[in-house]
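Side chains are part of it too, since the values below use all heavy atoms of this structure and drop only hydrogens, waters and symmetry mates. Owing to the predicted nature of the structure, the values given are computational and were not obtained by experimental measurement.
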Amino acid sequence: MSNNFTAVEVDIIKEIINIGGGNVATSISKIIGKKVHMNLPIITQLTYNQIFETIMPAEEVVKAVQMEVDGAIKGQFLLLVDEKNIIQFSPEDRQLIQSEELFNSALCELANILVNQFIQAIVSLFDVPLVTSVPYLAEDMFGSLLSSAYLEEFQFDDQVWIFKNEYWIENEKWDSSLYFVPQDGILESFLEYMREKGEI
């Protein structure tokens with residue numbers, strides 16, 4: 001992926017992530033019946049060491065739902081969730097912690113809803129074809145999950161772009177994050193596609 005996006009291109013990418021992430025916040029709010037707001041998206045280029053120092057330690061074990069996206073934009077979404085954070089949805093959801101099967105099923109369904117809401121926002125805004133895969137649940141160390149995702153999308157650089165949305169449920173941070181890992185070169189192709197359409 002390019003290290004040399006212009007300021008305008010970065011703003012366009014940020015707006016795409018912001019609009020998609022806003023749709024996700026609205027969906028979470030509807031699901032749980034509580035106010036949800038999103039911080040400004042994190043869009044930055046970091047080394048893996050910087051990621052593990054500033055975002056999450058590489059050795060921390062997390063559950064992650066992976067979903068591929070194909071079409072005008074290719075890559076994968078990662079919804080990283082700590083089990084204890086599911087109870088932020090409602091007290092009744094504590095029961096999910098008692099059953100790993102129920103929790104995993106609910107987590108996959110949540111990711112499916114949120115990622116497709118994210119995608120729908122982009123489709124509606126730019127009128128581009130996008131489809132998503134069936135959710136896949138994995139449990140591993142954060143470093144292993146993240147680096148594997150970037151390698152699967154043919155990104156082999158020491159520095160990677162991080163696209164991350166963080167959410168707050170009322171006044172409490174939801175310690176789960178939605179990452180987008182684009183296939184190498186796809187954002188450059190998408191920006192060129194938008195130029196050809198006269199969108200930018």
Side-chain angles (χ1 to χ4, degrees), residues 1 5 8-43 63-81 85-86 88-90 93 104-138 145 149-150 152-153 161-170 173-174 176-200:
M1 184 180 297
F5 288 119
V8 172
E9 289 172 336
V10 170
D11 285 342
I12 291 169
I13 295 170
K14 188 176 296 185
E15 184 62 15
I16 292 170
I17 301 297
N18 192 46
I19 291 170
N23 248 31
V24 170
T26 300
S27 295
I28 296 173
S29 181
K30 288 180 179 178
I31 291 171
I32 64 177
K34 297 179 181 179
K35 291 182 179 179
V36 176
H37 70 270
M38 179 186 76
N39 287 349
L40 288 174
I42 295 173
I43 300 177
K63 284 183 182 284
V65 181
Q66 299 171 278
M67 289 183 66
E68 296 282 341
V69 58
D70 197 7
I73 298 176
K74 301 177 188 292
Q76 63 178 283
F77 284 88
L78 287 177
L79 178 65
L80 299 185
V81 179
N85 298 125
I86 197 69
Q88 288 175 280
F89 276 62
S90 71
D93 288 332
N104 291 345
S105 177
L107 188 54
C108 283
E109 182 57 26
L110 176 64
N112 192 44
I113 292 170
L114 300 187
V115 169
N116 278 290
Q117 284 296 316
F118 191 109
I119 292 300
Q120 188 55 47
I122 298 173
V123 170
S124 298
L125 183 64
F126 296 107
D127 189 27
V128 293
L130 293 172
V131 294
T132 56
S133 68
V134 173
Y136 170 76
L137 181 68
L145 286 168
Y150 279 93
E152 287 171 11
E153 300 304 331
W161 283 92
I162 291 290
F163 303 90
K164 177 186 178 186
N165 282 324
E166 294 180 328
Y167 301 93
W168 292 73
I169 298 176
E170 294 185 337
K173 183 180 179 182
W174 186 40
S176 302
S177 301
L178 184 64
Y179 292 81
F180 176 59
V181 182
Q183 191 177 99
D184 187 42
I186 198 64
L187 290 182
E188 292 88 340
S189 297
F190 179 73
L191 289 167
E192 183 59 32
Y193 172 76
M194 299 308 296
R195 289 190 192 95
E196 291 173 358
K197 289 185 63 178
E199 297 284 347
I200 60 175

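Residues that satisfy the side chain to side chain contact (heavy atoms under 4.5 Å, CB included) test with S105, not counting sequence neighbours, are absent from this structure. For D11, the side chain to side chain contact (heavy atoms under 4.5 Å, CB included) criterion is met by no residue, not counting sequence neighbours. By the side chain to side chain contact (heavy atoms under 4.5 Å, CB included) test, V8 pairs with T6, I12, sequence neighbours left out. Applying the side-chain hydrogen bond (donor to acceptor under 3.5 Å, both in side chains) rule to Q66 yields the partners Q76; only residues at least two apart in sequence or on another chain are considered. I19 meets the side chain to side chain contact (heavy atoms under 4.5 Å, CB included) test with E15, A121, L125; sequence neighbours excluded.
The two atoms that bring A149 and V181 nearest to each other are O-CG1, 3.8 Å, heavy atoms only. P135 approaches C108 most closely through the heavy-atom pair CG-O, 3.6 Å.
Contact annotation: the side chain of I17 approaches that of F118 to within less than 4.5 Å [non-hydrogen atoms, C-beta and beyond]. In this structure, L107 and K63 have side chains that are in contact, with non-hydrogen atoms separated by less than 4.5 Å.
For the atom pair L130 CG and I122 CD1, the distance stands at 6.5 Å (nearest 0.5 Å). The distance from the CE atom of M67 to the CG atom of N112 is 4.5 Å, given to the nearest 0.5 Å. Between the CD1 atom of I119 and the CG atom of L114 there is a distance of 12.0 Å, given to the nearest 0.5 Å. Rounding to the nearest 0.5 Å gives a distance of 11.5 Å between CD of E152 and CD of Q183. Atom CD of E153 sits about 5.0 Å away from atom CD of E68, to the nearest 0.5 Å. Within the model, atoms CG of N18 and CD1 of I13 stand 13.5 Å from one another, a figure rounded to the nearest 0.5 Å.
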Between F190 and F126, does the ring-ring contact (aromatic ring centres under 6.0 Å, His included) criterion hold? Intermediate values first, please. CA-CA 11 Å; F190 179 73; F126 296 107; 5.8 Å; yes
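Aromatic ring orientation, W168 versus H37: parallel (interplanar angle below 30°, classes split at 30° and 60°).
Residue pairs meeting the side-chain hydrogen bond (donor to acceptor under 3.5 Å, both in side chains) criterion with at least one member in residues 124-137, sequence neighbours excluded: N116-T132, Q120-S124.
Listed for the S27 side chain is a donor-acceptor partner under 3.5 Å among the backbone atoms of N23.
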